[in-house]
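Following: one structure in structure tokens, then a few remarks.
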Amino acid sequence: MATPPLAAAVLFLLLAVFGTSHPQAAAAEALASSPFDAALAALQGQIGYAFRSPDLLRRAMTHASYSRENGRALAVLGLAASQSAAALRALAADRDAPAAAVSRAARDAAGEAACAAAGARAGIPAIVRVAGGTKASAAPVVCGALRALVGAVAVDNGTADAAAEVFWRLQVLGAVPSATAAM
């Protein structure tokens, strides 16, 4: 799948800001130090993607109410990647599909209801860090974290393709991870 120009620009910007190179040993050490880190490691196994830069995953699972270093920017990319993946799938299924049908497919697949449901199935409410008074199971919180997760995969991998694979895995309960996305 080719990266759309807007998504490519956002991906480039996020790669420049967050970077992508951390030694694997440091990543493994960082993921073994707390219950939050253990939950992040389990989430990676569940989604079938191992982060080279675990700090991206930490940021994705941090709500804006908890820290200024949060997943908001990653969620922007995650939404774009999710919509792109859904539109591509709709057009691959029917190249003559009307624009309204493709738009609806992208909106429905990446919309808050589907996003929050997939995030709940993935256990995001138990993982995402929020400040007191913020409900971790609220649909906007869960959806934002799931979108940030998809965006974090894109930045970590450097492609929207890996993000799309994780997005579809999260949409389907019990999907089997593919070896191609886990690097």
Mind listing the closest non-hydrogen atom pair of [X] and [Y] along with its distance?
X      : Y      : result
Ala120 : Val142 : N-CG1, 3.7 Å
Asp156 : Arg52  : OD2-N, 2.9 Å
Ala64  : Asn70  : CA-ND2, 3.4 Å
Leu56  : Leu74  : O-CD1, 3.8 Å
Phe167 : Ala85  : CD2-CB, 4.2 Å
Gln46  : Ala122 : OE1-O, 3.1 Å

Original post:
Do any N or O atoms from the side chain of Ser82 and from the backbone of Gly78 form a donor-acceptor pair under 3.5 angstrom?
Top reply: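 A pair under 3.5 Å: yes.
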**OP:** Check the hydrophobic clustering (I, L, V, M, F, W, Y; side-chain heavy atoms under 4.5 Å; chains of links allowed) and say if Leu79 and Ile47 are grouped together.
**Re:**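 In one cluster: no.
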Original post:
So if you build clusters from Ile, Leu, Val, Met, Phe, Trp, Tyr with side-chain heavy-atom gaps below 4.5 Å, do Trp168 and Val166 land together?
Top reply: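 They do share one cluster, since a chain of ILVMFWY contacts under 4.5 Å joins Trp168 to Val166.
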Measure the [atom1]-[atom2] distance between [X] and [Y] for me, rounded to the nearest 0.5 Å.
X      : Y      : atom1 : atom2 : answer
Leu146 : Leu170 : CG    : CG    : 5.0 Å
Ile124 : His63  : CD1   : NE2   : 12.5 Å
Leu43  : Phe36  : CG    : CZ    : 9.5 Å

Tell me the disulfide (SG to SG under 2.5 Å) pairs involving [range], sequence neighbours left out?
range           : value
residues 62-107 : none
residues 54-99  : none
residues 76-111 : none
residues 97-156 : Cys115-Cys143

Original post:
So, do Phe51 and Asn157 sit near enough that their side-chain heavy atoms are less than 4.5 Å apart?
Top reply: no
Subject >> Residue pair Leu40 / Asp37, side-chain heavy-atom distance below 4.5 Å >> reply: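 When only atoms from C-beta onward are counted, Asp37 and Leu40 do touch, with a gap below 4.5 Å.
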Show me the side-chain donor-acceptor pairs of residues 97-109 shorter than 3.5 Å, one per line, residues at least two apart or across chains.
none

**OP:** Can you run down the side chain to side chain donor-acceptor pair (under 3.5 Å) pairs that involve residues 125-149, sequence neighbours left out, and say none if there aren't any?
**Re:** Thr62-Arg129, Ser65-Thr134
**OP:** Mark yes when over 12 heavy atoms from residues, nucleotides or ligands other than Tyr66 sit less than 6.0 Å from its OH; otherwise mark no.
**Re:**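 Open.
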Subject >> Working for side chain to side chain contact (heavy atoms under 4.5 Å, CB included), residues Tyr49 and Glu165 >> reply: CA-CA 9 Å; Tyr49 183 85; Glu165 286 183 35; over 6 Å; no
